[in-house]
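Since the model is a prediction, treat every value here as computed from it, not as a measurement. Just so it is clear: chains get the letters A, B, ... in the order the sequence lines come, proteins before strands, and each one is counted from 1.
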Amino acid sequence: MPARPLVPAAGPPPAGAEEARAEQARLAPLVRTDPLDPDRVGLVAGLDVTYAPGDDRLVAAAVVLDAGTLEVVESATAVARPAFPYVPGLFAFREVPPLLDAIGRLRTAPDVFVCDGFGLAHPRRFGLACHLGVLLDRPALGVGKSPFVGSAEPPGERRGSWSPLVDGGDVVGRALRTRDGVKPVYVSVGHRIDLDGATGLVLRLAPSYRLPEPIRRADRLSRDVLRGL
DNA sequence: GCGACAG
DNA sequence: ATCTTGTCGC
């Protein structure tokens, strides 16, 4: 028998918001928070999607990097049309299908998936990073550029400082300073990783810029491919 | 009821 | 997300 494929077969998209929320409720209990040592991570995949200004085309990119050297090992892209509108809280239904498409074209199996968005820092505790992580059943984390839910005190000005992101009494993530004096990023657990592990890994992946290198690479690649269409 | 709301 | 140049600061 063949091994379980890295990427599961895509089902039909939800017919509407109600159906999408039901899907989230069904999958959310599957999220696991496991300790993960950032220093034991070998390969990471950065994920991002770029949208065409005029028409409804989009490009999803997955770029695999060596977590130690931050060198690109491999990358893949997928061109698609969004199968779901943008609705805050249902973001994953828009981006997960094309991202799975791109991930399915990789020949390596990354240890951790780094998503442009949130995981548990979500109104129903099931953001993009949780959704993708659960479908793949692989470790995943989310990095957002602005807070989505909850609030956090400004972390210290030095790189590495962080403060808890709290929503409804839950710690759902961290505001993390990746560069001295620069606006923090917001880190949250996606799946099979804990908040300490996610924080440590993001710091390791962002030695010189605000955003982790895997996300920067995926962002650049998806833009470049879209420009060439 | 009103405003806010990842990308 | 996307439409967009130069400019200030390290």
With the criterion set at under 5.5 Å between ring centres and under 30 degrees between planes, would dA6(B) be stacked on Phe91(A)? no
Could Asp224(A) and Arg220(A) be called an ion pair, given the rule that one side-chain N must be under 4.0 Å from one carboxylate O? no
Say whether, by atom type as modelled, one donor and one acceptor occur between the side chain of Ser188(A) and the main chain of Gly119(A) under 3.5 angstrom. yes
I want to check one thing: is the phosphate of dG7(B), taken as OP1 and OP2, less than 4.0 Å away from some side-chain N or O of Lys145(A)? yes
Quick one: label Arg223(A) by what it contacts on the DNA or RNA (base, sugar-phosphate, nothing), any heavy atom closer than 4.0 Å. sugar-phosphate
Would you kindly give the CG-to-C1' distance between Asp219(A) and dA6(B), to the nearest whole Å? 15 Å
Nearest-angstrom distance from the residue atom CD of Gln24(A) to P of dA6(B): 15 Å
Could you list, one pair per line, each protein nitrogen or oxygen that sits under 3.5 Å from a nitrogen or oxygen of nucleotides 6-10 of chain C, together with the distance?
none

Under 4.0 Å between any heavy atoms, over every strand shown, what does Gly54(A) touch: base, sugar-phosphate, or nothing? Just pick one. nothing
Could you tell me whether the side chain of Arg210(A) and the main chain of Thr178(A) form a donor-acceptor pair under 3.5 Å? no
Does the gap between the ring centers of Phe91(A) and His122(A) come in under 6.0 Å? no
Measure from CG on Leu120(A) to C1' on dA6(B) and round the result to the nearest Å. 14 Å
Nearest whole angstrom, please: distance from the P of dA6(B) to the CG of Leu99(A). 18 Å
Determine whether the side chains of Glu95(A) and Tyr51(A) contain a donor N or O and an acceptor N or O closer than 3.5 Å. yes
If you look at every strand shown and take non-hydrogen atoms under 4.0 Å, does Tyr51(A) touch a base, only sugar-phosphate, or nothing? sugar-phosphate
Could you tell me if Thr108(A) and Glu74(A) have a donor-acceptor pair between their side chains, going purely by distance under 3.5 Å? yes
Of the nucleotides dT2(C), dC5(B), dG7(B), which one has an atom closest to the side chain of Phe148(A)? dC5(B)
Roughly how many Å is it from CZ in Phe118(A) to C1' in dA1(C), rounded to a whole number? 15 Å
How is Leu90(A) classified with respect to the nucleic acid when contacts are heavy atoms under 4.0 Å: base, sugar-phosphate, or nothing? base
Atom-pair distance (CG on Leu211(A); C1' on dA6(B)), nearest Å: 13 Å
Say whether, by atom type as modelled, one donor and one acceptor occur between the side chain of Arg177(A) and the main chain of Pro155(A) under 3.5 angstrom. yes
From the options dC3(C), dG7(B), dA6(B), select the nucleotide whose nearest atom is closest to the side chain of Arg94(A). dG7(B)
DNA chain B stem ranges, 3 or more consecutive Watson-Crick or G-U pairs under 3.5 angstrom: none
Just to verify, which of Arg217(A), Arg216(A), Arg223(A) counts as forming a side-chain hydrogen bond (donor to acceptor under 3.5 Å, both in side chains) with Asp219(A)? Arg223(A)
For the pair Val149(A) and Leu165(A), evaluate side chain to side chain contact (heavy atoms under 4.5 Å, CB included) and give the outcome as yes or no after the intermediate values. CA-CA 8 Å; Val149(A) 294; Leu165(A) 177 63; 5.6 Å; no
For Asp116(A) and dT2(C), what is the distance between atoms CG and P respectively, to the nearest whole Å? 10 Å
Take the angle between the ring planes of Phe93(A) and His131(A) and call it parallel below 30°, perpendicular above 60°, tilted in between. perpendicular
Can you measure Asp167(A) atom CG to dA6(B) atom P for me and round it to whole angstrom units? 13 Å
Looking at Ser188(A), I'd like to know whether one of its side-chain N or O atoms comes within less than 4.0 Å of OP1 or OP2 on dA6(B). no
Below 4.0 angstrom from OP1 or OP2 of dA6(B), is there any side-chain N or O of Tyr86(A)? yes
Base, sugar-phosphate or nothing for Leu58(A)? Non-hydrogen atoms, less than 4.0 Å. nothing
